[in-house]
Every structure is written in structure tokens, then in C-alpha cells.
Amino acid sequence: MYVVPVKEIFTQYYVTAILIVVISIISIFIIAVCIRLFTKKIVNDINDIRNSISNISKGDYAKELEITSNDEIGMLVDDINGIIKTKKK
């Protein structure tokens with residue numbers, strides 16, 4: 001009968017636990033960076049839309065928005081640019 005020393009079992013356990021913790025920390029960091037980049041783009045697009053609407057409310061129809069996306073923000077920009085084109089005529 002073969003008996004495994006307790007020290008060997010715990011050594012493997014600690015190595016595995018440390019590896020899991022390191023991989024978890026790296027994953028959390030990567031996810032945080034991705035979320036930051038994604039939210040920064042959305043916030044910048046919304047600020048551009050807000051500035052454009054502010055200019056429209058002041059009667060300035062000179063500048064169309066240049067946001068290109070295929071989501072709801074892109075559809076909103078297309079509608080705002082349509083208003084600007086209509087008002088320019």
C-alpha cells in the first residue's frame with residue numbers, strides 16, 4: 001500500500017490555489033479595462049449628441065454629427081443629422 005505524504009498533497013493544493021487566484025486577478029483586470037474602454041466610447045458619443053442638440057436649440061445647423069455605429073446611438077445620430085439637413089433647406 002502506497003501512502004501519499006500530507007505535505008505533498010498540500011503543496012499541490014497551494015500551487016493550484018495560487019494559480020486560480022492569479023488567473024482570476026488577471027481576468028478581472030482585463031474585464032475592467034474592456035468595460036472602461038466600452039463605456040468611454042458610449043459616453044463620448046452621448047456627449048457629442050448632447051452638444052449637437054444644444055447647437056440645434058440655438059439655431060446652429062452648420063455641423064452634422066460624424067458618429068458611425070449600427071446601434072441605437074447610430075440611429076439617433078442619423079435622425080439628428082436628418083433634422084439638421086431639413087433645417088438647412
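Computed from a prediction, not measured in an experiment: that's the story for all the values here.
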Please report the shortest heavy-atom distance between [X] and [Y], naming the atom on each side.
X: Ile56; Y: Ile80; answer: CD1-CG2, 3.8 Å
X: Asp48; Y: Leu65; answer: O-CD2, 3.5 Å
X: Gly74; Y: Ser69; answer: N-OG, 3.2 Å

Let me confirm one number: the [atom1]-[atom2] distance from [X] to [Y], rounded to the nearest 0.5 Å.
X: Glu64; Y: Ile83; atom1: CD; atom2: CD1; result: 11.5 Å
X: Tyr13; Y: Ile18; atom1: OH; atom2: CD1; result: 10.5 Å
X: Ile42; Y: Leu37; atom1: CD1; atom2: CG; result: 11.5 Å

Query raised in the report: Between Asn51 and Asn47, is there a donor-acceptor pair closer than 3.5 Å when you use the side chain of the first and the backbone of the second?
Result: yes
Query raised in the report: For the side chain of Asn55 and the backbone of Asp60, is there at least one donor-acceptor N/O pair under 3.5 Å apart?
Result: no
Query raised in the report: Are Ile35 and Thr39 side-chain neighbours, meaning at least one heavy-atom pair lies under 4.5 Å?
Result: yes
Query - Sub-4.5 Å side-chain heavy-atom contact between Ile84 and Ser52 - result: yes
Query raised in the report: In this structure, are over 12 heavy atoms from other groups packed under 6.0 Å from Asp71 atom CG?
Result: yes
Identify each donor-acceptor pair in which a side-chain atom of residues 24-32 lies under 3.5 Å from a protein atom, sequence neighbours left out, and give them as a table.
residue	atom	partner	partner atom	Å
Ser24	OG	Ile20	O	2.8
Ser27	OG	Ile23	O	2.9

